[in-house]
Engineer: 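The structure that follows is given in the form of structure tokens.
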Amino acid sequence: MAVTRIFIPRDVAALAVGADDVARAVTAQAATLGAEVALVRTGSRGMFWLEPMVEVETAQGRIAYGPVEPSDVPGLFAAGWLEGASHRLRVGRPEDHPFLAAQTRLTFARCGIVDPLSVADYKAGGGYRGLVKAIELGGAATVEAVTKSGLRGRGGAGFPTGIKWKTVRDAAADQKYIICNADEGDSGTFADRMILEGDPFCLIEGMTIAGLAVGATKGFIYSRSEYPHANATMAAALQVARAEGLLGRGILGSDVEFHLELRVGAGAYVCGEETALLESLEGKRGMVRAKPPLPALKGLFGRPTVVNNLLSLATIPVIMDQGAQFYADFGMGRSRGTMPIQLAGNILHGGLFETAFGLTLGEIVMEIGGGTASRRPVRAVQAGGPLGAYLPPSQFDTLYDYEAFAARDALIGHGGLVVFDDTVDMAHMARFAMEFCAEESCGKCTPCRIGSTRGAEVVDRILAGKDVAANITLLEDLCNTMKFGSLCALGGFTPYPVLSAIKHFPEDFHGRRLPVAAE
Amino acid sequence: MTLATTTTGWTREKAAEVIAEHRNLDGPALPILHALQETFGHVPDDAVPLLAEALNLSRADVHGIISFYHDFRHAPAGRHVVKVCRAEACQSMGGHALAEGLLHRLGLQWGGTTGDGQVTIEPVYCLGLCATAPAALVDGRPVGRLNREKLDAVVNEVRNDWSHTGRVGA
Ligand SMILES: Cc1cc2nc3c(=O)[nH]c(=O)nc-3n(C[C@H](O)[C@H](O)[C@H](O)COP(=O)(O)O)c2cc1C
Ligand code: SF4
Ligand code: FES
């Protein structure tokens, strides 16, 4: 019989739940049975509750089984999984699974399917068609296409990518840079990481197109030290790309020149802020710079620089390949295209869900995510990372769209949703927001540096039941000072989780009593 | 990428070699600091003057850079490093109580090292394992869907491992 290909993720979240042990068990059992199998290590499809999810290539297509434990492996062979036979763990064709079938995967089209380090796989999945188009069109028309697609920065602020690129393109300079912001420090987010691990050439192609578009020959990927596995895969992909002539001079036989380096941060959340990132890349403390000047005009080493989130850049190839209009036709209002939503925390179906903007928050959390993993009622959802608001179920009618969220004093941010059940203590979460801000503040402005520490102390007094009403007023004052007196969104947005917690979950703040009050 | 274990004892020559390897990069400070920490397990204070010279900065500037970033240690950690996630998604799955319990059982504060020098427990804010929370990195090896038994088991495993190299980041 021919060799059967078996696909096992090596995405770090799959590794965290035993994918390597499963791979070893598969190899060992195949050897015992004399079955001819070839393992392919992929990224993840993003259905993490099914990880480790193993796919077997059969006559009916790829058939998935999960979550697989090493001890399940002999039984899977015995049941005939090499022919896609039924088994308690059989998921079926991943594409037919409701979680995947309901998605529109544009940015994540290949993630979890291909061997991340195979250029042949990448090209077979449509890779490098976007760059070929961009070369045909030239820089100006490429910028125009990105503008028309309606793509907005996926890193949080939602700034139109085409406009940013045009500013850099129109700036005159001896050297320009493309920077991929892969500092993904928000809790509840892992989409950047999944691309680094599952489809790194997509990012390389997107950055190359950006370079061509604005006239930059050099790029940096700024990733984080908390992602050692992602960084290892990305570093390997860069070597492959250089060896195959996909980076350097004369890319795809054209006159496009683009050089790309991976840099790793050192555990400072604020370095995800674009100007702090630039300082860090230059080798300094990651202190936020005042704007203007915009990085687009005076960025890395004072040169015009595109700083884009990883997802923004990884979406460029499909936009160039399929056309601006194709992309813009997804979504609603001014939120065009698709958003890779990340479902995390206490949620039954945690994972990556890429979809056009415009579902309601409730649909995403309850129907797609299946509610909590603990099977208790959902009490709060934090959207957009540690600087994002907590939303109660009464706001589940909010549409997933930049403006609709803003209208509710909330953010989409990088697309993470963290679900909490009814055991959460929201005063504790408010305290944590302040503590996190204090821990990660770059120290440049007083409201953020000092205010956050004071904020944590005030919440402590509330937690202890001391002068609760007065201290809540004080906390709200402090939040306003931080909101309006901070230079960047670290200090400026920490009030969102704090104030939303007070507003929507007042009972967690007001009901506090001193444990010894009766004495 | 920081490694969990001390791999080489300090020598000026080795440090100079590490610095020379990266100093031609654009903005070489962070790559050099990472490389020093990988080599020596921490960034020794003795490296500061060498760095200052290589980067054409004052010693105070170099100290300012090193101290800004959470990753860089100026003293060695334990033989094994367990980074436990403290961020929101892990908290939603009971990560807070899990971490506090571990620290309590080991008699440590965040950043502390067990008396036998074997294990350092460090806080980390999100490992991107938020859909398989709560999570930790144990000498660079990811572990998810943690509960008390699983966490104690991985910590005990490395605690009983006296080899100098340990497992390192991928
Ligand atoms: C404290 C702070 C942290 C941030 N972290 C990130 C991050 O991890 N990744 C990211 O892409 N943008 C982050 N941003 C937003 C960036 O400053 C910037 O807006 C973004 O990288 C621009 O790319 P985009 O236009 O493609 O979104 C952060 C902003 C702040 C204030
Ligand atoms: S708000 Fe905080 S992190 Fe941002 S510049 Fe001010 S001190 Fe730095
Ligand atoms: S919040 Fe713990 S891994 Fe993301």
Engineer: Please test B/D61 against A/R285 for salt bridge (charged side-chain N to carboxylate O under 4.0 Å, His left out), starting from the C-alpha separation and ending with a verdict.
Structural biologist: CA-CA 9 Å; B/D61 283 334; A/R285 292 161 68 92; over 6 Å; no
Engineer: Do you know the tightest heavy-atom contact between A/G185 and B/C126?
Structural biologist: O-CB, 4.0 Å
Engineer: When heavy-atom pairs shorter than 4.5 Å are enumerated against chain B, which of A/G443, A/G286, A/A191 gives the highest number?
Structural biologist: A/G286
Engineer: Quick one: what part of A/Q382 sits under 4.5 Å from any heavy atom of chain B, side chain, backbone, both or neither?
Structural biologist: side chain
Engineer: Can you tell if the side chain of A/F301 reaches within under 4.5 Å of the side chain of B/D26, non-hydrogen atoms only?
Structural biologist: yes
Engineer: At a 4.5 Å cut-off on heavy atoms, which part of A/L15 comes close to chain B: side chain, backbone, both, or neither?
Structural biologist: both
Engineer: Does a side-chain heavy-atom distance below 4.5 Å link A/E226 with B/K83?
Structural biologist: no
Engineer: Heavy-atom pairs under 4.5 Å with chain B are the metric here; pick the option from A/M287, A/E282, A/R193 that has the most.
Structural biologist: A/R193
Engineer: In Å and rounded to the nearest 0.5 Å, what is the CH2 to OG1 distance from A/W49 to B/T132?
Structural biologist: 13.0 Å
Engineer: Is any side-chain heavy atom of A/D421 less than 4.5 Å from a side-chain heavy atom of B/S92?
Structural biologist: no
Engineer: Is it the side chain or the backbone of A/V424 that comes within 4.5 Å of chain B heavy atoms, both, or neither?
Structural biologist: neither
Engineer: Side chain, backbone, both or neither: which part of A/M194 has a non-hydrogen atom closer than 4.5 Å to chain B?
Structural biologist: neither
Engineer: State, yes or no, whether a side-chain contact exists between B/F68 and A/V270 at a heavy-atom distance under 4.5 Å.
Structural biologist: yes
Engineer: Among A/V17, A/L300, A/D192, A/T372, who wins on heavy-atom pairs under 4.5 Å with chain B?
Structural biologist: A/V17
Engineer: Report, as yes or no, whether the 6.0 Å neighbourhood of atom CZ on B/R12 holds more than 12 heavy atoms from other residues, nucleotides or ligands.
Structural biologist: no
Engineer: Return yes when atom CG of B/N160 has more than 12 non-hydrogen atoms of other residues, nucleotides or ligands closer than 6.0 Å, and no otherwise.
Structural biologist: yes
Engineer: Check for a donor-acceptor pair, side chain of B/H70 on one end and backbone N or O of A/A266 on the other, with a separation under 3.5 Å.
Structural biologist: no
Engineer: So which part of A/S223 gets closer than 4.5 Å to some heavy atom of chain B, the side chain, the backbone, both or neither?
Structural biologist: neither
Engineer: Would you say that more than 12 heavy atoms from the other residues, nucleotides or ligands in this model lie under 6.0 Å from the NE2 of B/H63, or not?
Structural biologist: no
Engineer: If I measure from the heavy atoms of chain A, does B/I65 come under 4.5 Å with its side chain, its backbone, both, or neither?
Structural biologist: both
Engineer: Shorter than 4.5 Å, heavy atoms on both sides: which option in A/G416, A/G283, A/G351 has the most such pairs with chain B?
Structural biologist: A/G283
Engineer: Checking B/R86 against A/E435 for the salt bridge (charged side-chain N to carboxylate O under 4.0 Å, His left out) test, could you report, in this order, the C-alpha distance in whole Å, the side-chain angles of both residues, the deciding distance, and whether it holds?
Structural biologist: CA-CA 11 Å; B/R86 295 188 68 189; A/E435 190 190 337; 3.4 Å; yes
Engineer: B/A135, B/P31, B/G27: which one forms the most heavy-atom pairs within less than 4.5 Å of chain A?
Structural biologist: B/G27
Engineer: State, yes or no, whether a side-chain contact exists between A/Y390 and B/E88 at a heavy-atom distance under 4.5 Å.
Structural biologist: yes
Engineer: Quick check for you: to the nearest 0.5 Å, what is the distance between A/N346 atom CG and B/Q91 atom CD?
Structural biologist: 12.5 Å
Engineer: Does CD in A/E69 sit with more than 12 non-hydrogen atoms of other residues, nucleotides or ligands closer than 6.0 Å?
Structural biologist: no
Engineer: Could you report the tightest heavy-atom contact between B/A87 and A/F432, atom names first, then the distance?
Structural biologist: CA-CZ, 4.1 Å
Engineer: Is the distance between the ring centroids of A/Y269 and B/Y125 under 6.0 Å?
Structural biologist: no
Engineer: Name the region of A/A373, side chain, backbone, both or neither, that has any atom closer than 4.5 Å to a heavy atom of chain B.
Structural biologist: side chain
Engineer: Which one, B/A136, B/P142, B/P28, leads in non-hydrogen pairs under 4.5 Å with chain A?
Structural biologist: B/P142
Engineer: Identify which of A/E184, A/E440, A/H349, A/E261 forms the greatest number of heavy-atom pairs closer than 4.5 Å to chain B.
Structural biologist: A/E440
Engineer: Pick from A/A14, A/G345, A/A16: which one has the most heavy-atom pairs with chain B under 4.5 Å?
Structural biologist: A/A16
Engineer: B/L30 and A/S280: which non-hydrogen atoms are nearest, and at how many Å?
Structural biologist: CD2-OG, 3.4 Å
Engineer: If you draw a 6.0 Å radius around CD in B/E53, do more than 12 non-hydrogen atoms from other residues or ligands fall strictly inside?
Structural biologist: no
Engineer: I need the minimum non-hydrogen distance between B/L129 and A/A13, along with the two atoms involved.
Structural biologist: CD2-CA, 3.4 Å
Engineer: So A/V264 and B/H34, do their side chains get closer than 4.5 Å, heavy atoms only?
Structural biologist: yes
Engineer: Output the distance between atom CZ (A/R263) and atom CG (B/L25), rounded to the nearest 0.5 Å.
Structural biologist: 4.5 Å
Engineer: Provide the closest heavy-atom pair for A/G188 versus B/A89 in the form atom of the first, atom of the second, distance.
Structural biologist: N-CB, 4.3 Å
Engineer: Quick one: do the A/S225 and B/Y69 side chains pair a donor with an acceptor below 3.5 Å?
Structural biologist: no
Engineer: Considering only heavy atoms from C-beta outward, does the side chain of A/Q342 approach that of B/C130 to under 4.5 Å?
Structural biologist: no
